[in-house]
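This is a predicted model, so every value here is computed, not measured. Lettering of chains follows the sequences in order, A, B, ..., and the numbering in each one begins at 1.
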Amino acid sequence: AQSVTQPDIHITVSEGASLELRCNYSYGATPYLFWYVQSPGQGLQLLLKYFSGDTLVQGIKGFEAEFKRSQSSFNLRKPSVHWSDAAEYFCAVRPNFGNEKLTFGTGTRLTIIP
Amino acid sequence: EPEVTQTPSHQVTQMGQEVILRCVPISNHLYFYWYRQILGQKVEFLVSFYNNEISEKSEIFDDQFSVERPDGSNFTLKIRSTKLEDSAMYFCASSEVRTGHHNEQFFGPGTRLTVL
């Protein structure tokens with residue numbers, strides 16, 4: 001069965017600092033990979049996705065993620081965080097065919113300090 | 001831009017009562033999903049629905065849950081006899097059905113269910 005691990009439950013960074021959120025997955029083949037952001041009390045917003053091709057994908061709000069097959073990882077990065085980036089971030093995977101369900105990680109809560 | 005909508009945004013109910021959560025998927029989408037998120041926990045898959053039948057369901061989706069597409073636009077999740085542990089945010093999602101395509105899932109804003 002597929003699974004997603006986000007090893008960092010809570011990360012605190014200073015505004016303007018760089019950010020990297022870790023995501024590792026377990027799956028028999030290369031799945032589709034996603035990062036979602038959830039602000040307090042809000043729904044899920046898709047930041048970016050990887051299906052195939054270039055392993056560095058760009059998303060909204062200045063985020064990017066790099067797929068590393070050898071490490072089964074899909075880490076999310078941002079060079080300079082803004083106070084508005086404070087939120088919960090979820091990595092998710094699904095099989096690379098059809099309309100299969102998403103499997104989510106446990107999330108990483110990001111706190112930004114001035 | 002088309003979006004998935006959900007009503008109500010917040011539902012409060014007494015334990016043992018029936019609730020129906022409603023979703024309007026994006027109009028040309030044919031695959032529908034319900035997920036839930038218990039407070040402070042990860043988002044979990046409940047059920048997927050296509051061609052008027054359940055495609056897949058998780059072990060969470062027991063006999064007290066049911067889904068229905070009563071008309072051409074709505075997709076509902078019914079919980080027959082709510083329990084305290086059903087308190088969660090429930091997300092609806094929908095996707096197109098295109099062979100050989102990625103068929104991204106689009107999420108609604110969620111319904112927060114509180115069972116007292």
Exercise for the section: Report the C-alpha separation of A/Glu100 and B/Phe45 in whole Å, then their side-chain angles, then the decisive distance to 0.1 Å, and conclude whether the side-chain contact (heavy atoms from CB on, under 4.5 Å) test is met. Expected result: CA-CA 10 Å; A/Glu100 300 297 315; B/Phe45 168 77; over 6 Å; no
Exercise for the section: Would you check, one step at a time, whether the test side-chain contact (heavy atoms from CB on, under 4.5 Å) holds for B/Glu104 with A/Leu46? Expected result: CA-CA 10 Å; B/Glu104 178 185 336; A/Leu46 180 66; 2.9 Å; yes
Exercise for the section: Using the side-chain contact (heavy atoms from CB on, under 4.5 Å) rule, take A/Leu44 and B/Tyr35 through it: C-alpha gap first, then chi angles, then the decisive distance, then the call. Expected result: CA-CA 11 Å; A/Leu44 297 165; B/Tyr35 294 82; over 6 Å; no
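Both A/Tyr27 and A/Leu33 are assigned to one and the same hydrophobic cluster, defined by single-linkage of ILVMFWY side chains at heavy-atom distances under 4.5 Å. Linking ILVMFWY residues whenever their side-chain heavy atoms come closer than 4.5 Å, directly or via other members, places B/Val47 and B/Tyr90 in the same cluster. A continuous path of Ile, Leu, Val, Met, Phe, Trp and Tyr side chains, each step under 4.5 Å between heavy atoms, connects A/Val4 with A/Tyr50, placing both in one hydrophobic cluster.
When every heavy atom of A/Leu102 is checked against every heavy atom of B/Gln105, the shortest pair comes out as CD1-OE1, 3.5 Å. Closest approach of B/Gln37 to A/Phe90, counting heavy atoms only: NE2-CZ, 3.2 Å.
Heavy-atom distances place the side chain of B/Glu56, and not its backbone, under 4.5 Å from chain A. With a threshold of 4.5 angstrom between heavy atoms, B/Glu96 approaches chain A through N, CA, C or O but not through any side-chain atom. When heavy atoms are compared at a cutoff of 4.5 Å, A/Arg109 does not approach chain B at all.
Most heavy-atom pairs under 4.5 Å with chain B, from the set A/Ala92, A/Gly105, A/Gly107: that is A/Gly105.
B/Glu59 CD: 12 or fewer foreign heavy atoms inside a 6.0 Å radius. Within a 6.0 Å sphere centred on CG of B/Asn28, heavy atoms belonging to other residues, nucleotides or ligands number more than 12. The environment of CG in B/Leu84 is crowded: more than 12 heavy-atom neighbours from other residues, nucleotides or ligands sit within 6.0 Å. Within 6.0 Å of CD1 on A/Ile60 lie more than 12 heavy atoms contributed by other residues, nucleotides or ligands.
For A/Tyr36 and B/Phe107, the gap between ring centers is short of 6.0 Å.
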